[in-house]
Chemist: 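First the structure, which I've put down as structure tokens, then a few questions once you've had a look.
Worth knowing before you read on, the calculation uses all heavy atoms, side chains too, and leaves out hydrogens, waters and symmetry mates. Keep in mind that this is a model prediction, so the values were computed, not measured. Residue numbering restarts at 1 for every chain, and letters A, B, ... go by the order of the sequence lines.
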2 protein chains.
Amino acid sequence: MSIEAAAPTRPMRADARRNYEAIVRVAGDAFAEHGTQASLDDIACRAGVGPGTLYRHFPNRDCLLEAALVESRLALNELAEQLLADDDAGAALDTWLLALARHANTWDGLPDSIVQSINNKQSPLGASCSTLVDATGRLFDRAREQSAVTADVSARDLFVMAGSLAWAASRPRRDTGARAEASDDLPRLLGLLMRGLR
Amino acid sequence: MSIEAAAPTRPMRADARRNYEAIVRVAGDAFAEHGTQASLDDIACRAGVGPGTLYRHFPNRDCLLEAALVESRLALNELAEQLLADDDAGAALDTWLLALARHANTWDGLPDSIVQSINNKQSPLGASCSTLVDATGRLFDRAREQSAVTADVSARDLFVMAGSLAWAASRPRRDTGARAEASDDLPRLLGLLMRGLR
DNA sequence: CGACAATACGGAGATAGTCTCCGCTTTGTC
DNA sequence: GACAAAGCGGAGACTATCTCCGTATTGTCG
């Protein structure tokens, strides 16, 4: 949107890259342990950097979430490619929605961040989700062509519903000290959703 | 679980009751304005009491949410009674799930609190939700008897799904300054769910 | 009425999280 | 090896939660 559209963006300085990577690595552990609300200052501390450094690399929580999810996202995009080549488009859609929901459940609280960012072009999380929404749409269209589904839904609605079921399935108890044993409600709930699509 | 099960619980002192009511009234406004994450100290301040007073009456956020929702809950229970007498059990279920979802959307963030508390007997919110889950189950059973629905779902799953769709519908955008105009996605999403039940 | 116990109040402050500012350090380059 | 650019980090401002305990209010009896 300006004259110098293509900023040269010289490569990161060695120390900067080192810190960036350390933060992302530690963040993954912290989010896994405490959910997406893990303390950012604590992540900085555990990564051996000051809070200022963390916030310079990742101005907000979404940026850090996004960075820590990159690998999982790549795998998901690859899965989409494979599923688009699958003969059984209905089963492919099934598989895809489950994978999507499981991805959203990577960490406690992630569905919330994802669904909140979905409409927000500013958020890096939202931006990278739009790829997933597109894939969802393409897989759904193929399933419709094969008459595996008949419902009329937008790709965005489908994506959001998968996310919301992930959210519902990941909210087993609060306050009770007992560690939530992973009762896997997801397939059951998604089955109901798929039933509605046919 | 002890010998003196029926504690006499003498009536509240006049000043205590006055403060209790002021807090609940202000809390309703604050939750409406800022969602369920509204500052509790701020609510105390606006109600003209100290934080200590608020936390004595309502040891945690759920207690305050529950107290501020009492009237809406009563109306909902009354609706359940009416719907159970409705001849068209399918339509009654439809109406009920929508009412349930709208109730969960009374304030921003409420679906989260509700679904988190659903498995938690300790939470006053969870306790009062179990009534709603029961009503959901009874309405669903009637619809099944009339063959208006055929799916096999637990009342809890139905309740949680209604809550999760409410959650999904209430999360339109984040960060974008623009006030989210209330695009009403709820009926569309619930329609999909109902389709899956038939 | 007046006084005393039980009850309740409220605000100071401990704790914890977010995020910024800016003086200092490290890096890459010539 | 020296200089500018890039990057660091931690002190601290701000906001929120929740507790503790000295003080004030209430209801009840004599």
Chemist: Go through the steps for A:Arg102 and A:Ser72 under the test side-chain hydrogen bond (donor to acceptor under 3.5 Å, both in side chains), then give the verdict.
Modeler: CA-CA 11 Å; A:Arg102 292 223 189 282; A:Ser72 174; over 6 Å; no
Chemist: Would you kindly check whether a donor in the side chain of A:Asp41 faces an acceptor in the base of C:dC19, or vice versa, at under 3.5 angstrom?
Modeler: yes
Chemist: Roughly, in whole Å, what's the span from CZ in A:Arg61 to P in C:dC19?
Modeler: 7 Å
Chemist: Of B:Pro51 and B:Met12, whose nearest nucleotide on DNA chain D comes first from the 5' end?
Modeler: B:Pro51
Chemist: Expressed in angstrom and rounded to an integer, what is the separation of B:Leu40 atom CG from C:dT15 atom P?
Modeler: 21 Å
Chemist: With a 4.0 Å cutoff (strictly under), does any side-chain N or O of B:Asn19 reach OP1 or OP2 of C:dA8?
Modeler: no
Chemist: Relative to the 5' end of DNA chain D, which residue comes earlier, A:Ala16 or B:Ala14, by the nucleotide with the nearest heavy atom?
Modeler: A:Ala16
Chemist: Could you tell me which non-hydrogen atom of A:Leu83 sits nearest to which non-hydrogen atom of A:Arg142, and how far apart they are?
Modeler: O-NH1, 3.4 Å
Chemist: Does OP1 or OP2 of C:dT27 have a side-chain N or O of A:Arg18 closer than 4.0 Å?
Modeler: yes
Chemist: Nearest of D:dC18, D:dC8, D:dG27 to any side-chain atom of B:Arg13?
Modeler: D:dG27
Chemist: If you compare every side-chain N and O of A:His57 against the phosphate oxygens of D:dC8 (OP1, OP2), does one of them come in below 4.0 Å?
Modeler: yes
Chemist: Starting at CG of A:Asn60 and ending at C1' of C:dT20, how long is that distance when rounded to a whole Å?
Modeler: 15 Å
Chemist: I need the minimum non-hydrogen distance between B:Ala135 and B:Trp96, along with the two atoms involved.
Modeler: CB-CZ2, 3.8 Å
Chemist: What integer distance in Å separates B:Asp15:CG from C:dA8:C1'?
Modeler: 6 Å
Chemist: May I ask you to verify if any side-chain N or O of B:Arg56 is less than 4.0 angstrom from the OP1 or OP2 atom of D:dC20?
Modeler: no
Chemist: In whole Å, I'd like the distance from the CZ atom of B:Phe58 to the P atom of C:dG10.
Modeler: 14 Å
Chemist: Just the rounded figure in Å: distance from P of D:dT19 to CG of B:Leu54.
Modeler: 12 Å
Chemist: Between B:Tyr20 and B:Phe58, how do the two ring planes meet: parallel, tilted or perpendicular, split at 30° and 60°?
Modeler: tilted
Chemist: Write down the distance between CD1 (B:Ile43) and P (C:dG11), rounded to a whole number of angstrom.
Modeler: 17 Å
Chemist: Would you mind checking if B:Glu33 and B:Arg46 are paired as a salt bridge, meaning a charged N to carboxylate O distance below 4.0 Å?
Modeler: yes
Chemist: Is there a side-chain polar atom (N or O) of A:Thr53 under 4.0 Å from OP1 or OP2 of D:dG7?
Modeler: no
Chemist: Could you state the OH-P distance from B:Tyr55 to D:dT19, rounded to the nearest angstrom?
Modeler: 8 Å
Chemist: So, is B:Ser39 close to the D:dT15 phosphate, meaning a side-chain N or O under 4.0 Å from OP1 or OP2?
Modeler: no
